[in-house]
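Read the structure below first, then the notes.
Position 1 is the first residue of the sequence; numbering continues from there.
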Amino acid sequence: MLSKITAATGSFPLAQAGSRLLFELRSGSYLGRRVALFQTASGEIKLAWADTPYVSWSSATSLAADAADQPFDAVMDDDGHIHLVYTEQTTNDLVTRKITRSGGTWSPGSKVTVCSLYQSYFPSLARTGTGDLWVSWSRLDSGDYYLHVKSSTDGGAVWGSGPTDAGTMLTDAVSSLYSRLVTTSASIWAVYSHGGNGLSTRSRSISGGSWLAAVDLATGSGLDEHFDAATSDNGTIGVVFDQASLKYREHDGDSWGSIVTLDTDEAISPQIGFTQNVPVVVYLVETAPGQSIIRHTNRRTGSFATSVALDPAAQTFDSVLLYDISSFEFS
């Protein structure tokens with residue numbers, strides 16, 4: 001059953017492919033309560049929650065009224081508090097807010113500026129097992145983009161040495177740039193699409209040190225923001241991306257495997273997650289102008305299953321019955 005949560009007029013109501021905006025409480029009196037973040041309009045990021053069977057949702061709570069009409073991201077910590085990162089509307093600074101949970105509801109805290117030096121877009125937020133927060137974002141400078149990363153060790157109260165700290169720059173200038181941050185027990189990984197013709201990754205130890213040299217995951221035209229990355233409990237890293245067809249690549253803890261094609265159709269906004277160390281991929285496929293269906297696949301056996309519609313009722317028609325009203329003829 002579909003449930004309408006709210007209307008939205010923003011350009012990125014659900015941010016971008018790979019943004020984590022739906023969370024679930026895993027313990028306590030409100031076990032199973034889900035909370036969704038969304039942009040209802042330019043400037044407005046809001047939140048709503050629901051309990052199983054997730055048919056009736058709460059009224060929307062405002063989290064930020066100063067957000068640019070740009071993608072945002074969030075992460076939930078072990079206590080159910082949510083950390084939100086977005087581009088500020090008037091300055092294009094990168095900012096965060098801690099959305100504090102009290103019982104079964106959430107309320108926004110004060111804004112904290114991550115970086116005020118440049119125009120900052122397309123953030124990705126991650127949390128390590130030790131509780132540190134990391135953010136990556138695209139810095140726009142004189143028409144070019146650069147990838148930056150920065151961390152907070154105090155729950156988002158201060159990032160690096162403050163707003164004028166640009167963090168660590170991971171790329172040279174490119175024409176376009178989108179990133180995803182993921183963490184394992186030992187490392188943090190930045191996966192990024194750059195210039196429309198490359199998908200790469202860099203990593204560093206959570207305990208410290210320098211970022212390792214870039215590793216190319218895919219090259220060639222057609223590589224843009226339609227990719228995602230996730231990690232499993234056993235340390236596997238999975239990256240799914242569109243390059244005229246849906247593809248997958250995996251790091252087993254030692255090295256990157258070969259590229260696997262999951263669907264020969266072009267994929268829109270693919271997302272990946274792991275369930276008991278099994279990779280599950282959900283994505284959109286356009287069936288006609290302005291019409292798309294949701295497909296999914298998983299690898300419960302040695303290879304990925306043939307992709308199928310997530311909702312069997314929401315597919316293209318198997319057949320269509322036509323008739324001529326004047327002659328009552330059917331075809």
Side chain to side chain donor-acceptor pair (under 3.5 Å) partners of R101, counting only residues at least two apart: none
What residue among S19, S136, P71 forms side chain to side chain contact (heavy atoms under 4.5 Å, CB included) with F122? P71
If I compare all heavy atoms of P13 with all of A8, which pair ends up nearest, and what's the gap? CB-CB, 3.7 Å
Just by distance, with hydrogens left out, do E88 and T91 show a side-chain donor and acceptor under 3.5 Å apart? yes
Provide the full list of salt bridge (Lys or Arg N to Asp or Glu O under 4.0 Å) pairs with a residue in residues 180-198, sequence neighbours left out, each pair given once. none
When rounded to the nearest 0.5 Å, the distance separating CG of D172 from CG of L177 is 11.0 Å
May I have the step-by-step check of side chain to side chain contact (heavy atoms under 4.5 Å, CB included) for K111 and D66, ending in yes or no? CA-CA 10 Å; K111 177 174 57 183; D66 60 349; 2.9 Å; yes
Would you say the rings of H251 and W189 are close, in the sense that their centroids are separated by under 6.0 Å? yes
Which distance, rounded to the nearest 0.5 Å, do you find between the CH2 of W137 and the CG of L125? 11.5 Å
Separation of I237 CD1 from W256 CH2 (nearest 0.5 Å): 5.0 Å
Show, in sequence, the C-alpha distance, side-chain angles and deciding distance for Y121 and N92, and conclude whether the side chain to side chain donor-acceptor pair (under 3.5 Å) test is met. CA-CA 8 Å; Y121 302 101; N92 291 319; 3.3 Å; yes
Assigning hydrophobic clusters by single linkage (Ile, Leu, Val, Met, Phe, Trp, Tyr; side-chain heavy-atom cutoff under 4.5 Å), is V282 placed with I272? no
For V191 and F227, the nearest pair of non-hydrogen atoms, with its separation, is O-CE1, 3.7 Å
From OG1 (T171) to OH (Y146), nearest 0.5 Å: 8.5 Å
Tell me, please, which residues at least two apart from D228 pass side chain to side chain donor-acceptor pair (under 3.5 Å). R20
Do D69 and S11 have a side chain donor and acceptor closer than 3.5 Å? yes
Pairs where residues 240-249 contributes a residue and the test side-chain hydrogen bond (donor to acceptor under 3.5 Å, both in side chains) is met, not counting sequence neighbours: Y248-E250
Hey, are R127 and D78 close enough for a salt bridge, meaning a charged N less than 4.0 Å from a carboxylate O? yes
Work out which heavy atom in P123 is nearest to a heavy atom in V135; give both atom names and the distance. CB-CG2, 4.3 Å
Taking every heavy atom of T96 against every heavy atom of G156, the minimum-distance pair comes out as OG1-O, 4.1 Å
Check each of V240, I268, L246 against H226 using the side chain to side chain contact (heavy atoms under 4.5 Å, CB included) test, and report the only one that passes. I268
Please determine if R34 forms a cation-pi arrangement with Y54, meaning its NZ or CZ atom is less than 6.0 Å from the six-membered ring centre and no more than 45° off the ring axis. yes
Shared hydrophobic cluster, Y192 / V215 (ILVMFWY, side-chain heavy atoms < 4.5 Å): yes
For L223 versus S193, what's the shortest heavy-atom pair and its separation? O-OG, 3.3 Å
Going by atom types alone, do T168 and H148 pair a side-chain donor with an acceptor below 3.5 Å? no
Is there a chain of hydrophobic side chains (I, L, V, M, F, W, Y, each step under 4.5 Å between heavy atoms) that links F12 to L21? no
Identify, with sequence neighbours excluded, every residue that meets side chain to side chain donor-acceptor pair (under 3.5 Å) alongside D263. Y283, R295, S307
Considering all heavy atoms, the nearest L117-T164 contact: CD1-O, 3.2 Å
Joint cluster assignment, V158 & V85, ILVMFWY side-chain distance < 4.5 Å: no
Listed partners of N234 passing side chain to side chain donor-acceptor pair (under 3.5 Å), at least two apart: S232, T236
